[in-house]
Amino acid sequence: MDVSTILEGLNPAQRDAVSCDEQSMLVLAGAGSGKTRVLVHRIAWLMQVKSVSPSNIMAVTFTNKAAKEMRSRISGLLQFETKGMWVGTFHGLAHRLLKSHWNDAGLSENFQILDSDDQLRVLKRLIKEHQLDENRFTPKAIQWYINEQKDEGRRAKHIDDRNDPYEKTLIKIYSEYEKSCERSSHVDFGELLLRAHEIWLKKPDILEHYQDRFKYILVDEFQDTNTIQYAWLRLLAGNKTSLMVVGDDDQSIYGWRGAKIENIQQFSNDFPSTEIIKLEQNYRSTSLILEAANAVIANNPGRLGKNLWTDGERGKPLCLYAGFNEQDEARFIIERIKSHVGDDTLLSEQAVLYRSNAQSRVIEEELIRNGVAYRIYGGQRFYDRLEIKNGVAYMRLAYARNDDAAFERIINTPSRGIGHKTVEILRIRAKEDNSSLWSAAEALIAESKLTRRASSALQNFLDMILQFCAASKNLDLDGFSEHVIDKSGLIDFHGKEAGEKGLARVENLQELINATRQFEAEDENNILREFLDTAALDAGEQQADEHSDAVQLMTLHSAKGLEFPIVYLAGVEENLFPHKMSIEEPGRLEEERRLCYVGITRAKLHLYLTYAEMRRWYGQETYNSVSRFVREIPSDCINEVRINNNVSRPLSAGFSNSTLNEGSGSGLHLGQRVNHAIFGDGVILNIEGQDSNARVQVNFDNAGSKWLVASFANLKPI
DNA sequence: TAGGCTGGCGTTTTT
DNA sequence: CGCCAGCCTA
């Protein structure tokens with residue numbers, strides 16, 4: 001491959017970015033502007049034209065999925081190995097670093113990763129142990145606090161208590177939590193980053209080694225970096241490394257979990273000679289969709305400023321539908337989905353996006369009723385499922401006996417007669433000895449400090465784990481996992497659970513064995529450790545049904561980075577989107593608007609916006625007006641669509657309330673038999689709304705059940 | 001120790 | 001309204 005191939009097909013701005021010689025570059029990449037393409041081609045350029053060795057390159061992403069995709073696109077483009085290149089998430093790379101330098105990092109060699117669920121359990125225990133007021137110190141609040149401190153790079157000892165008793169207690173628990181992690185060799189997600197940062201501060205020779213090694217660092221989704229991630233990057237980059245960060249301030253939607261949009265501004269201060277390149281040409285959407293997106297985001301103050309444009313088609317106007325209620329909204333969406341299928345659009349080319357997960361239920365129900373296949377993104381990840389966590393906990397304990405989180409999780413799962421009482425005694429002893437629960441158990445049995453029954457139950461448990469430990473050394477990973485899941489009794493335990501749930505859990509456990517079978521280790525001698533790390537750091541692809549044709553359902557947050565020919569943005573209402581919480585808190589509205597911008601720019605060809613005039617929300621009837629974001633879209637970009645006819649009218653016309661005949665006041669009532677000119681005779685099952693918005697559900701004798709707009713259906717009572 | 005009941009709570013999500 | 005955690009009872 002020569003130089004021209006690498007730059008071929010790129011626009012001038014993309015070429016500038018790919019071939020730039022400046023030491024630091026900030027690429028402001030608008031939605032759909034070929035950001036990943038630029039990153040991948042940049043790496044190709046470095047290797048092919050600049051003869052940079054892959055081992056001198058580091059590429060950082062936020063998700064494992066993005067890392068995986070980047071790696072595969074690089075090897076696809078270059079047709080040779082990317083071996084030696086560090087491509088991964090911030091957490092993944094930090095973890096790799098700590099594994100290499102565990103001793104300098106002050107860790108034990110076999111340290112394990114504590115995920116947020118385990119973290120919460122540990123905190124609950126600490127709250128009880130320290131007898132805190134459970135109303136003021138909820139586990140969630142403390143977890144939030146600790147993670148926030150770590151994301152800001154602060155340890156308990158660094159925090160100023162400002163003489164505030166509440167803060168004092170929080171710091172105390174933070175510090176107790178640090179001790180507990182120390183004892184059981186646990187490192188949580190924030191800790192990975194914090195410790196990786198600290199190791200460079202503490203050990204300049206290690207830092208220097210990596211600074212010499214990584215001559216080129218590339219960062220994706222830079223607007224999502226938090227304080228510690230940016231500090232880590234800055235240290236690593238030093239003043240010799242070439243650093244390219246790619247991001248979009250308009251797509252920063254994770255401020256609420258610590259992402260600092262300011263890092264983008266800060267970047268050009270910290271690296272004064274930074275070359276700023278804007279990618280504004282969009283290859284995804286029609287110009288009308290871009291016009292709408294640009295108009296919405298223009299309302300945000302303090303933007304770095306970008307304007308997306310396309311030389312493609314103007315496209316069709318956006319459609320706005322005002323549903324009477326959320327069921328009506330869902331009905332409209334599914335009706336449109338089916339009609340697009342009629343024009344040769346696949347289901348999988350259509351996505352329904354919403355602000356919060358609670359909205360999905362009504363849409364799902366309508367999809368099911370219509371027999372339309374769908375797939376929900378998000379939800380619980382594979383390795384977060386209860387049964388999987390149980391299975392993995394057995395493997396973890398077999399790998400390291402001092403893993404208290406794993407120990408607590410499975411000591412009585414399935415139940416084996418070791419109750420709370422016994423566990424409590426174990427905890428007290430462990431605390432006295434400053435030892436693991438495992439050692440405490442051994443000690444208490446040896447000293448006959450437990451009742452006969454408890455003692456023998458506990459001994460059986462310990463024996464089982466020791467046997468698993470031996471099995472881990474004698475068997476392949478998949479043989480081991482099969483053995484553990486079988487002998488632990490988890491299959492029976494979960495299989496007994498009521499209904500489909502139990503069945504699904506057994507299937508998931510089988511899937512866990514399957515995952516170990518397919519797992520490929522970098523170092524075969526360390527395969528168990530590597531698998532356990534993956535289980536903690538990687539969500540586990542939900543590959544089921546990925547290839548079947550189905551409508552895609554997801555939140556706006558999970559839609560970031562994806563694109564669909566047809567997008568339905570549901571629930572564009574005040575209080576829902578922008579969300580009530582964000583309206584009330586100052587400064588949060590801008591992020592909601594960016595979320596809206598993300599949503600609009602997912603659509604390639606058609607964009608539908610829908611809302612409900614009345615919505616049942618937490619059991620209450622709520623009446624929200626259309627979202628302010630919709631009103632920020634120029635009215636000539638939008639058509640308001642009415643069901644069952646094609647009359648479009650401008651948004652500003654508002655609703656007429658009195659002209660047409662009504663549902664309840666027109667002689668129609670539930671159970672009434674009626675005649676329709678096309679569908680024939682039927683009986684009224686349901687009436688919703690009044691006046692021009694009334695919808696009537698009629699079960700026709702021959703045509704089945706249909707929802708009709710009363711004002712157009714012209715139903716005649718029989 | 002399982003299972004039933006109640007009360008509290010209820011954006012967004014990755015690692 | 002619906003879910004889940006945690007508590008209480010058989």
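Convention: sequence-line order gives letters A, B, ...; per-chain numbering from 1. This structure is a prediction, so every number in the text was calculated from the model and none was measured. Heavy-atom basis, side chains included; hydrogens, waters and symmetry copies ignored.
With sequence neighbours left out, the salt bridge (charged side-chain N to carboxylate O under 4.0 Å, His left out) criterion links A/D250 to A/R303, A/K306. Residues satisfying the salt bridge (charged side-chain N to carboxylate O under 4.0 Å, His left out) test with A/E152, not counting sequence neighbours, are A/K260. Looking at residues two or more places apart in sequence or on another chain, you find no salt bridge (charged side-chain N to carboxylate O under 4.0 Å, His left out) involving A/E262.
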Look for any protein N or O under 3.5 Å of an N or O in nucleotides 2-7 of chain B and output each such pair with its distance, or none.
residue: B/dA2; atom: OP1; partner: A/S415; partner atom: OG; Å: 3.0

Could you run down the sub-3.5 Å N/O contacts of the protein with nucleotides 9-12 of chain B?
residue: B/dT11; atom: OP1; partner: A/Y618; partner atom: OH; Å: 2.7
residue: B/dT11; atom: OP2; partner: A/Y618; partner atom: OH; Å: 3.4
residue: B/dT11; atom: O4'; partner: A/H579; partner atom: NE2; Å: 3.4
residue: B/dT11; atom: O4; partner: A/R588; partner atom: NH1; Å: 3.3
residue: B/dT11; atom: O4; partner: A/R588; partner atom: NH2; Å: 2.1
residue: B/dT12; atom: OP1; partner: A/N357; partner atom: N; Å: 2.8
residue: B/dT12; atom: OP1; partner: A/N357; partner atom: ND2; Å: 3.1
residue: B/dT12; atom: O4'; partner: A/R355; partner atom: NH2; Å: 3.1
residue: B/dT12; atom: O2; partner: A/W256; partner atom: NE1; Å: 3.3
residue: B/dT12; atom: O2; partner: A/R355; partner atom: NH2; Å: 2.6

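Atom-to-atom, CG of A/D151 to P of B/dT15 comes out at 14 Å; the value is rounded to the nearest Å. As a whole-Å value, the separation of A/R96 CZ from B/dT15 P is 18 Å. Distance, A/K140 NZ to B/dG8 P: 18 Å, rounded to whole Å. Straight-line distance from the CG atom of A/D188 to the P atom of B/dT15: 15 Å, rounded to whole Å. Per the geometry, NZ belonging to A/K65 stands 13 Å off P belonging to B/dT13, to the nearest Å.
Contacts of A/K150 with the nucleic acid, taken as non-hydrogen atoms under 4.0 Å apart, are absent. Among the atoms of the strands shown, none is found under 4.0 Å from any heavy atom of A/G190.
A salt bridge between A/D118 and A/R396 is present, with a side-chain N of the basic residue lying under 4.0 Å from a carboxylate O of the acidic one.
With a 4.5 Å cut-off on side-chain heavy atoms, A/W102 and A/S108 do not count as touching.
Note on ring orientation: taking the six-membered ring where Trp is involved, the planes of A/H557 and A/W256 are perpendicular (angle over 60°, cut-offs 30° and 60°). In this pair, A/F90 and A/W232 present their aromatic rings perpendicular. The plane angle is above 60°, beyond the 30 to 60° band.
With a glycosidic angle more than 90° from 0, B/dT12 adopts the anti conformation.
One C1' atom belongs to C/dG2, the other to B/dT13, and the distance between them is 22 Å to the nearest Å.
With A/Y230 as the aromatic partner, A/R234 meets the cation-pi criteria of under 6.0 angstrom to the ring centre and within 45 degrees of the ring axis. For the pair A/R631 and A/F629, the cation-pi test (distance below 6.0 Å, angle within 45°) is failed.
From the 5' end on, the contacts that DNA chain C makes with chain A at under 4.0 Å to a non-hydrogen atom open and close at C/dC1 to C/dG6.
Checked against the 6.0 Å centroid threshold, A/W86 and A/F214 count as a close aromatic pair. Aromatic pair A/F62/A/F222: centroids not less than 6.0 angstrom apart.
Annotation: of the two residues near DNA chain B, A/A536 and A/N412, the 5′-most nearest-nucleotide partner is A/N412.
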